[in-house]
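Note on naming: letters A, B, ... go to the chains in the order of the sequence lines (proteins, then strands), and numbering restarts at 1 for each one.
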Amino acid sequence: MDNQIPDINTTPTKKIGRYLITAALPYANGLKHIGHLAGAYLPADIYVRYLKAQKRDVVFVCGSDEHGTAIPIQAMKEGTTAQAIIDKYHPIVAQNFADLGIEFDIYHRTSSPLHHETAQAFFTELNNKGHLEVKTTEQYFDESKATFLADRYIKGTCPVCGNADAYGDQCEKCGSTLSPDMLINPVSTLSGNAPIKKETQHWYLPLNRHEAFLREWILTQHKQDWRTSVVGQCKSWIDGGLQPRAVTRDLDWGIKLPDSTPGINANDQQKVLYVWFDAPIGYISATKQWAADHQKDWKPYWYAPDTKLVHFVGKDNIVFHCIIFPVMLQLHGNILPENVPANEFMNLEGDKMSTSKGWSIEMEDYINDWVKPENGGESMADVLRYYLTQIAPETKDSEFTWKGFQEANNSELVNIFGNYINRTFVLMHKLCKGKVPPLHATLVDATDHQLVAEIKAAAIKIESLLEAYKFREALFEVIDIARKGNKYMQDKQPWMVAKNAVIDGQLTPEGQQQIDNCLHLCLQLAANLAIFIHPFLPFTAGKLCKMMKVVPKMLEWENAGRIDLLKVGYSLREPQLLFRKIENEEINYQLEKLKAKAQSATTTIMESTQEAAQATQDEVAIAPVSPEIVFDDFAKIDLRIGTIVAAQKVPKADKLLQLSVDLGFETRTIVSGIAQHFAPEAIIGKQVTVVVNLAPRKMRGIESNGMILMAEDSEGKLHFVHPSTAINNGAGVK
RNA sequence: GGCGAGGUAGCUCAGUUGGUUAGAGCAUCGGAUUCAUAACCCGAAGGUCGGGAGUUCAAAUCUCCUCCUCGCUACCA
């Protein structure tokens with residue numbers, strides 16, 4: 001081939017390297033939405049596909065996280081067993097990922113025997129080396145069931161908002177983070193009985209011992225190459241003071257402590273590893289399983305210093321993957337992560353995504369609506385991958401809108417990328433007889449050289465952006481080179497040459513040569529586009545390979561930037577459209593559907609709240625009326641009517657108001673957690689009901705002498721309890 | 001309240017160590033073209049860089065104050 005343009009391999013130094021890539025283990029208690037996808041799985045998949053195209057030694061592990069209390073909780077909700085829950089969601093989520101082209105080397109599960117053994121051995125190793133501490137504490141215990149109660153198994157009244165169905169770890173109504181001790185009238189959800197306090201011993205990971213190591217490793221060594229938000233978050237945690245963290249807990253769903261654990265006794269029969277401890281070890285057990293399946297050795301991936309371990313997670317997982325798990329790995333003798341490119345959150349149409357509120361698009365929803373043959377099939381999976389990457393929350397929270405989705409598809413994938421491919425193929429069939437035309441050296445001009453230079457530059461740029469985890473920008477460069485292809489073609493106008501360079505109804509030889517050169521380069525660019533787009537849109541790359549009749553091996557990155565990928569004279573297939581337009585009606589339908597889903601979810605939440613309220617009346621098990629008291633007990637409480645005469649915010653507290661209440665006989669200072677419900681100036685002069693003989697208590701340094709009674713409505717808003725007409729301050733309430 | 005990350009054209013984002021009229025893509029408008037999924041190409045318009053003060057010959061970029069969003073955290077009898 002007489003080709004004047006030098007063909008420089010853009011990747012001269014062949015990098016070999018061993019990579020272990022992980023994506024956060026999805027919790028197997030339900031479906032996962034596109035925010036999860038954009039946060040961890042999609043960027044991980046793009047990175048892995050790129051690494052594999054570079055022929056590097058890489059394993060991509062993920063799997064279901066199947067322990068922890070939320071699994072049996074979900075089982076209670078669905079009226080089934082914990083095992084049934086994980087058996088239900090594991091395959092569904094795995095299939096959803098596969099349908100969207102997320103290609104794990106292994107999608108394992110933490111309920112597997114191999115994982116149990118691995119996690120137990122990990123625990124034993126740390127314990128034997130003296131890296132864990134044992135402490136005895138008091139925890140809630142259900143006597144009738146003879147079991148300690150996990151936070152989630154305790155319900156009671158939320159001290160913040162008064163919700164009667166708050167859990168021991170969190171109130172779902174007001175979102176407050178709680179501990180079981182904070183609940184008013186705690187009740188075991190297993191028996192309905194009030195739990196007692198009982199001593200129990202637990203193993204702790206003393207993170208506080210490792211502060212110096214973490215400071216050096218993260219804040220110094222990785223200050224530059226990790227994302228600022230990740231380093232900042234870690235700094236915040238470390239500066240806040242690291243505390244020992246319980247590794248074990250009393251629960252019957254999880255990985256049992258090894259029988260050989262020194263100090264374990266009969267009372268510890270129900271001790272399991274805390275889910276946060278066993279879950280990340282799931283990456284290791286998944287690697288082991290993958291290695292066993294492929295006759296490989298798993299150890300280098302977790303022990304060899306030249307292995308690059310990269311964790312892809314959402315920002316809610318930063319602390320586990322940057323602080324806790326690295327401490328575990330270091331103590332256990334493993335390698336540390338090279339990077340944790342955590343993404344921020346993705347909102348949806350102006351609001352936070354929330355499965356429980358129905359304000360989300362589950363991967364399954366998208367697959368059902370779009371990824372089917374009559375709607376576009378696999379290429380629609382690529383469209384989602386495209387838009388989610390384009391708006392990936394790499395540096396700050398971002399927002400998914402259906403309108404944006406439509407525009408990204410129509411004006412970039414269809415109009416720029418798809419159209420470039422299509423017009424190239426159509427012209428090649430019209431003007432070059434369906435074959436790759438030769439490049440005529442004598443006619444190669446500056447425009448041609450520039451295009452070739454741009455292709456090579458794009459290869460280098462995309463590569464370096466991918467290496468730096470800048471997927472959004474890398475994808476932009478891919479579209480941009482397609483844009484340059486369009487421009488090149490417009491400059492060359494081969495269709496005009498075909499019309500004008502004609503003598504006696506015959507195209508002149510030079511005219512044909514000009515056309516040949518243009519389309520030769522356009523086709524070589526098309527081949528490059530297949531390579532470039534492959535990590536992002538694998539299905540589209542596959543389609544392109546078919547059209548060009550090349551094997552997937554062409555997609556290897558060493559071919560990026562080459563302009564001899566398609567052989568002269570090779571006949572290519574008829575073009576098929578890569579993407580289709582998305583119409584307004586489809587977008588409107590999705591918007592309506594989202595609103596309807598949110599509406600029905602709200603209704604469901606309200607219904608279940610009402611049901612719970614109803615159940616409170618007749619079924620003690622869920623939220624019983626407090627134990628009966630006699631009149632004398634009630635008489636101990638001295639309730640009085642008072643008037644708020646002054647109110648101000650308590651400094652350094654978001655929820656507290658400091659009130660002065662005139663009780664007739666005296667004016668008292670009372671601190672109340674109502675600052676988020678009332679403006680101080682708006683409540684002056686209001687009459688309220690006060691518990692006046694409650695023991696004083698200091699809050700934020702201010703002594704509170706009493707308690708204001710509040711009623712809470714169905715939306716969680718607080719209202720004062722006061723007499724229907726104003727009466728004298730100090731009046732008793734009976 | 002403390003800490004962390006953000007706040008730059010309608011939208012999504014770039015802006016390295018402070019330096020000429022603040023950039024890109026999409027959307028919008030105008031023009032040209034017709035090979036291509038009524039697509040493509042060229043051009044224009046559009047921002048007091050959250051607000052205020054300061055340092056400087058010069059600030060989106062440095063300092064201080066302040067407002068807003070998100071996350072973590074404290075407060076909740």
Nearest-nucleotide check on RNA chain B, Ala408(A) vs Val231(A); residue mapping nearer the 5' end is Val231(A)
Counting only side-chain N and O atoms of Asn415(A), is one of them less than 4.0 Å from OP1 or OP2 of rC40(B)? yes
Could you please name the partner base of rC75(B), counting Watson-Crick and G-U wobble pairs only when both distances are under 3.5 Å? none
Side-chain heavy atoms of Val319(A) within contact of Phe325(A), under 4.5 Å: no
Ignoring the backbone of Lys430(A), work out which of rC35(B), rG71(B), rG25(B) is nearest its side chain. rC35(B)
Carboxylate-amine/guanidinium contact Asp516(A) Lys435(A), below 4.0 Å: no
Of rG25(B), rG71(B), rU37(B), the nucleotide closest to the side chain of Asn422(A) is rU37(B)
How many Å lie between CG on Asp491(A) and P on rC40(B), as a whole number? 16 Å
Is the shortest side-chain N/O distance from Lys487(A) to OP1 or OP2 of rC42(B) below 4.0 Å? yes
Taking OP1 and OP2 of rG10(B), is either one under 4.0 Å from a side-chain nitrogen or oxygen of Lys403(A)? no
Can you find an N or O donor on one side and an acceptor on the other, under 3.5 Å apart, linking the side chain of Gln493(A) with the base of rC40(B)? no
At 4.0 Å (heavy atoms only), tell me whether Val319(A) reaches a base, stays on the sugar-phosphate, or touches nothing. nothing
Pair Glu586(A) + Arg580(A): basic N to acidic O under 4.0 Å: yes
Using the P atom as the reference point in each nucleotide, state the distance between rC26(B) and rC40(B) in Å, no decimals. 9 Å
Determine: side-chain N/O of Ser398(A) to OP1/OP2 of rC11(B), distance under 4.0 Å, yes or no. no
In whole angstroms, the gap separating P of rC41(B) from OH of Tyr420(A) amounts to 12 Å
Pairing nucleotide - rG25(B), Watson-Crick or G-U, each distance under 3.5 Å: rC11(B)
Check whether NZ of the Lys or CZ of the Arg Lys352(A) lies under 6.0 Å from the centre of the six-membered ring of Phe345(A) and within 45 degrees of that ring's axis. no
Distance, rounded to the nearest Å, where Phe345(A) contributes CZ and rC70(B) contributes P: 12 Å
Considering Watson-Crick and G-U wobble pairs with both distances under 3.5 Å, what does rC62(B) pair with? rG54(B)
Can you tell me the distance, in whole Å, between the NZ atom of Lys499(A) and the P atom of rU33(B)? 11 Å
Is the distance from OP1 or OP2 of rU12(B) to the nearest side-chain N or O of Thr401(A) less than 4.0 Å? no
For the side chain of Trp495(A), counting heavy atoms from C-beta on, which of rC40(B), rG6(B), rU34(B) is nearest? rU34(B)
If the C1' atom of rA58(B) is compared with that of rU20(B), how far apart are they to the nearest Å? 11 Å
Taking donor-acceptor contacts at under 3.5 Å, does the side chain of Asn419(A) reach the base of rA36(B)? yes
Thr228(A) side chain: which of rC70(B), rA5(B), rC35(B) is closest? rA5(B)
Using a cut-off of less than 4.0 Å, is there contact between a side-chain N or O of Arg472(A) and OP1 or OP2 of rU12(B)? no
Rounded distance in Å between the P positions of rG51(B) and rU56(B): 23 Å
Let me know the distance between CZ of Arg483(A) and P of rC42(B), rounded to the nearest Å. 10 Å
Please classify the nucleic acid contact of Glu473(A) as base, sugar-phosphate, or nothing, using heavy-atom distances under 4.0 Å. nothing
How far does the P atom of rG7(B) sit from the matching atom of rG43(B), given to the nearest Å? 30 Å
Would you say a side-chain N or O of Lys470(A) is under 4.0 Å from OP1 or OP2 of rC13(B)? no
Salt-bridge test for Lys492(A) and Asp448(A): reply yes if a basic N is under 4.0 Å from a carboxylate O, no otherwise. yes
Counting the atoms with a prime plus P, OP1 and OP2 as sugar-phosphate, which does Leu694(A) contact under 4.0 Å by heavy atoms, base, sugar-phosphate, or nothing? sugar-phosphate
Got a donor-acceptor contact below 3.5 angstrom from the Gln390(A) side chain to the Arg385(A) backbone? no
Of the candidates rA77(B), rU37(B), rC70(B), the side chain of Val414(A) sits closest to rU37(B)
Candidates rC72(B), rA77(B), rA27(B) - which lies nearest the side chain of Gln233(A): rC72(B)
Quick one: label Thr395(A) by what it contacts on the DNA or RNA (base, sugar-phosphate, nothing), any heavy atom closer than 4.0 Å. sugar-phosphate
rC35(B) pairs with, by Watson-Crick or G-U criteria that keep both distances under 3.5 Å: none
Grab the CE-P distance between Met489(A) and rC42(B) for me, whole Å please. 13 Å
Between rC35(B), rC13(B), rC72(B), which nucleotide gets closest to the side-chain atoms of Lys396(A)? rC13(B)
Look at the rings of Phe405(A) and Trp402(A) and say which category their plane angle falls in: under 30° parallel, 30 to 60° tilted, over 60° perpendicular. perpendicular
Compare the minimum distances between each of rU12(B), rC35(B), rA77(B) and the side chain of Arg423(A), then state the nucleotide with the smallest one. rC35(B)
For Glu412(A), which contact category applies under a 4.0 Å heavy-atom criterion: base, sugar-phosphate, or nothing? sugar-phosphate
For Glu703(A), look at atom CD and say whether over 12 heavy atoms of other residues, nucleotides or ligands are found less than 6.0 Å away. yes
Has Ser236(A) got a side-chain N or O lying under 4.0 Å from the OP1 or OP2 atom of rA5(B)? no
Would you indicate what Phe425(A) reaches in the nucleic acid, counting non-hydrogen atoms under 4.0 angstrom: base, sugar-phosphate, or nothing? nothing
By the Watson-Crick or G-U definition, both distances under 3.5 Å, rA5(B) is matched with rU69(B)
Whole-angstrom distance between rG15(B) and rC57(B), as gauged at atom P: 29 Å
note: Met547(A), atom CE; rU37(B), atom P; distance rounded to Å ~ 12 Å
Whole-Å P distance, rU21(B) and rA36(B): 46 Å
What integer number of Å spans the C1' atoms of rG54(B) and rA44(B)? 39 Å
What's the CD-C1' distance between Glu399(A) and rC70(B), to the nearest Å? 13 Å
Select from Ile391(A) and Lys315(A) the residue whose nearest nucleotide in RNA chain B is closer to the 5' end of that strand. Ile391(A)
By the definition side-chain hydrogen bond (donor to acceptor under 3.5 Å, both in side chains), identify the one residue from Lys396(A), Arg227(A), Glu394(A) that meets it with Asn343(A). Arg227(A)
Base-pairing mate for rU48(B) - Watson-Crick or G-U, with both contacts under 3.5 Å: none
Taking C-beta and beyond as the side chain, do Val692(A) and Leu639(A) meet within less than 4.5 Å on heavy atoms? no
Heavy atoms only, 4.0 Å cut-off, all strands: where does Leu657(A) land among base, sugar-phosphate and nothing? nothing
Would you mind telling me which of rU37(B), rC75(B), rU12(B) lies closest to the side-chain atoms of Leu656(A)? rC75(B)
Counting only side-chain heavy atoms from C-beta out, which of rA36(B), rC70(B), rU37(B) sits nearest to Val426(A)? rA36(B)
